[in-house]
Chemist: 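I have a structure here, written as structure tokens, and I will follow up with some questions on it.
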Number of protein chains: 2
Amino acid sequence: MTVQEQVEIVDAAKVLKLLGDKTRLTMMKILADHDCCVCEFVEIFGMSQPSISQHMRKLKDAGLVEEERRGHWIFYSIREDHPHVQLVESVLASLPSQDDKVKELIKGGKRICC
Amino acid sequence: MTVQEQVEIVDAAKVLKLLGDKTRLTMMKILADHDCCVCEFVEIFGMSQPSISQHMRKLKDAGLVEEERRGHWIFYSIREDHPHVQLVESVLASLPSQDDKVKELIKGGKRICC
DNA sequence: TTATTATATAACTATATGCTTATATAATGA
DNA sequence: TCATTATATAAGCATATAGTTATATAATAA
């Protein structure tokens, strides 16, 4: 019905708005292949730690990512049980791989493994 | 290369940002099935004409839609030759049909045909 | 030509966004 | 316990965004 469709399209718009930021979009593309922690993204984007944390917060609040603590670090990963996973995955699938960023992280000895 | 990917993901983010507004997203979903003019969208969204025009302008500037004059009206339609058509189409495909809005337009005698 | 009609643009406003620096919190491990 | 480290939050700022009303433009049709 109309109401149901309205709600869905509004929700989809919210998801797309979140993905409509180049930093968050790149984060999501990276997370699709590698769990990462905040400090790794700080390194990758050359951006302040609070800025990264705030982006992750938005993604987490929307249910797009989830967190898991491992030792000192909190690793983020993409939630597979989000109502719009399919939308998100199809968007991410259309993007070029960002593996080079993780490779560079490893090369610089900044990749966290645990 | 990194530069190429950077550019692409940045462009995709711009497209997604445009789609990340509920009004524009709904417009695009409607346009996927029906060419429409500004005054029809004014009717559908109950929003001022300039507001609709400004949204269409953004979509046009990004190359997502094109215009064609027919009599009094300028009809907008989705451009099939946009570099991110595939991204756009896959997003729109995941949305519920908005045909009811056009049906209501017809029922109210506000649908423009020419 | 001139009136009408559809659309575009200008100017403005309120709110949202993305970033920064400074500070707080929370967990680890010595 | 206490220092360290990673992350989160607060506060502030500059810019972007989405809407409004008022006005301009452009095409049709009388």
Side-chain angles (χ1 to χ4, degrees), chain A residues 9-10 13-28 30-31 35-62 64-77 105 108-114, chain B residues 9-11 13-28 30-31 35-62 64-77 105 109-114:
Chain A
I9 213 161
V10 165
K14 284 177 188 161
V15 169
L16 293 169
K17 176 169 285 180
L18 283 172
L19 298 181
D21 175 273
K22 66 179 190 301
T23 304
R24 281 192 299 265
L25 186 61
T26 309
M27 282 172 160
M28 288 294 285
I30 292 173
L31 288 178
D35 294 2
C36 282
C37 60
V38 168
C39 62
E40 289 175 316
F41 283 130
V42 168
E43 194 65 31
I44 288 172
F45 293 104
M47 202 173 266
S48 74
Q49 172 265 313
S51 182
I52 299 295
S53 280
Q54 283 155 12
H55 280 305
M56 292 310 300
R57 184 72 148 77
K58 288 184 186 186
L59 294 174
K60 198 183 70 177
D61 284 351
L64 293 177
V65 303
E66 57 192 352
E67 57 184 31
E68 182 202 355
R69 179 172 284 270
R70 297 186 215 155
H72 272 298
W73 303 274
I74 294 172
F75 278 78
Y76 286 90
S77 57
L105 207 63
K110 302 293 181 66
R111 175 66 169 158
I112 313 279
C113 293
C114 52
Chain B
I9 213 160
V10 165
D11 290 347
K14 284 178 189 161
V15 169
L16 293 169
K17 177 169 285 181
L18 283 172
L19 298 181
D21 174 274
K22 67 179 190 299
T23 304
R24 283 193 299 266
L25 186 61
T26 309
M27 283 173 159
M28 288 293 285
I30 291 173
L31 287 177
D35 294 3
C36 282
C37 60
V38 168
C39 62
E40 290 175 315
F41 282 129
V42 168
E43 195 66 31
I44 288 170
F45 293 104
M47 204 173 264
S48 74
Q49 172 265 315
S51 181
I52 300 295
S53 280
Q54 284 155 12
H55 280 304
M56 292 312 299
R57 183 73 147 77
K58 288 185 184 185
L59 295 173
K60 198 183 69 177
D61 284 352
L64 293 177
V65 303
E66 58 193 351
E67 56 184 31
E68 182 202 355
R69 179 171 284 270
R70 297 185 214 155
H72 273 298
W73 304 273
I74 295 172
F75 279 77
Y76 286 91
S77 56
L105 208 63
K110 302 293 181 65
R111 175 69 170 157
I112 314 279
C113 294
C114 52

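Letters A, B, ... are given to chains in the order of the sequence lines, protein chains preceding strands, and every chain is numbered from 1. Every heavy atom of this structure was used, including side-chain atoms; hydrogens, water molecules and symmetry mates were not.
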Chemist: State whether S48(A) places a side-chain N or O below 4.0 Å from either non-bridging phosphate oxygen (OP1 or OP2) of dT20(C).
Modeler: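 Yes, S48(A) has a side-chain N/O under 4.0 Å of OP1/OP2 on dT20(C).
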Chemist: Okay, side chain of R24(A), backbone of L18(A): is any donor-acceptor separation there less than 3.5 Å?
Modeler: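 Such a contact is found between R24(A) side chain and L18(A) backbone.
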Chemist: Strictly below 4.0 Å, N to O, side chains only: are D21(A) and K58(A) in salt-bridge contact?
Modeler: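 Salt bridge between D21(A) and K58(A), a charged N being under 4.0 Å from a carboxylate O: no.
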Chemist: Side chains of M27(B) and I52(B): closer than 4.5 Å at any heavy-atom pair?
Modeler: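 Counting from C-beta outward, M27(B) and I52(B) do come under 4.5 Å.
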Chemist: NA contact type, K22(A), heavy-atom cut-off 4.0 Å: base, sugar-phosphate, or nothing?
Modeler: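 It contacts nothing in the nucleic acid.
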Chemist: So M47(A), base contact, sugar-phosphate only, or nothing? Heavy-atom distance under 4.0 Å.
Modeler: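 Sugar-phosphate, backbone atoms only, no base.
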Chemist: Could you check whether any side-chain heavy atom of I30(B) comes within less than 4.5 Å of a side-chain heavy atom of Y76(B), counting everything from C-beta outward?
Modeler: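 No. Closest side-chain heavy atoms not under 4.5 Å.
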Chemist: Just the endpoints, please: which first and last nucleotides of DNA chain D, 5' to 3', lie under 4.0 Å from a heavy atom of chain B?
Modeler: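 Listing 5' to 3', DNA chain D meets chain B from dT17(D) to dA29(D).
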Chemist: Take atom CD1 of I112(B) and atom P of dT5(C), then tell me their distance rounded to the nearest Å.
Modeler: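 Distance, rounded to whole Å: 13 Å.
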Chemist: I want to check one thing: is the phosphate of dC19(C), taken as OP1 and OP2, less than 4.0 Å away from some side-chain N or O of H55(A)?
Modeler: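 Checking H55(A) against dC19(C): at least one side-chain N or O falls below 4.0 Å of OP1 or OP2.
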Chemist: Within the 4.0 Å heavy-atom criterion, would you say Y76(B) contacts the bases, only the backbone, or no part of the nucleic acid?
Modeler: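 Since only primed, P, OP1 and OP2 atoms lie under 4.0 Å of Y76(B), the category is sugar-phosphate.
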Chemist: Using a cut-off of 4.0 Å on non-hydrogen atoms, how would the nucleic acid contact of E40(A) be classed: base, sugar-phosphate, or nothing?
Modeler: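 E40(A): no heavy atom of the nucleic acid under 4.0 Å.
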Chemist: Going by heavy atoms in the side chains, are V10(A) and K14(A) under 4.5 Å from each other?
Modeler: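 The answer is yes, as the side chains (C-beta and beyond) meet within the 4.5 Å cut-off.
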Chemist: Below 4.0 angstrom, N of the basic side chain to O of the carboxylate: do R69(A) and E67(A) qualify?
Modeler: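 Here R69(A) does not pair with E67(A) in a salt bridge, since their nearest N and O are not under 4.0 Å apart.
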Chemist: Using the closest heavy atom to pick a nucleotide of DNA chain C for each, name whichever of R69(B) or R69(A) lands nearer the 5' end.
Modeler: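 Counting from the 5' end, the first nearest nucleotide belongs to R69(B).
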Chemist: Roughly how many Å is it from CD in E67(A) to C1' in dA27(C), rounded to a whole number?
Modeler: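 These atoms are roughly 13 Å apart.
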Chemist: Distances for protein N/O vs nucleotides 9-13 of chain C N/O pairs under 3.5 angstrom?
Modeler:
from: dT9(C); atom 1: OP2; to: R57(B); atom 2: NE; distance (Å): 2.7
from: dA10(C); atom 1: N6; to: Q54(B); atom 2: NE2; distance (Å): 3.4

Chemist: Please enumerate all residues that pass side-chain contact (heavy atoms from CB on, under 4.5 Å) together with E40(B), with sequence neighbours excluded.
Modeler: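 Partners of E40(B) by the side-chain contact (heavy atoms from CB on, under 4.5 Å) criterion, ordered by chain and then number, come out as C36(B), C37(B), F75(B), L105(B), R111(B), I112(B).
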Chemist: Donor-acceptor pair, S51(B) side chain versus M47(B) backbone, under 3.5 Å?
Modeler: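 No.
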Chemist: Tell me which of I74(B) and T23(A) sits closer to the 5' end of DNA chain C, going by the nucleotide each one is nearest to.
Modeler: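 Upstream on the strand: I74(B).
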Chemist: Taking only side-chain nitrogens and oxygens of R24(A), does any of them come within less than 4.0 Å of OP1 or OP2 of dG18(C)?
Modeler: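 Answer is yes, contact under 4.0 Å.
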Chemist: Between S53(A) and R57(A), is there a side-chain heavy-atom distance shorter than 4.5 Å?
Modeler: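 When only atoms from C-beta onward are counted, S53(A) and R57(A) do not touch, as no gap falls below 4.5 Å.
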Chemist: Quick one: D21(B) CG to dT17(C) P, roughly how many Å, whole number?
Modeler: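 Atom CG in D21(B) sits about 11 Å away from atom P in dT17(C).
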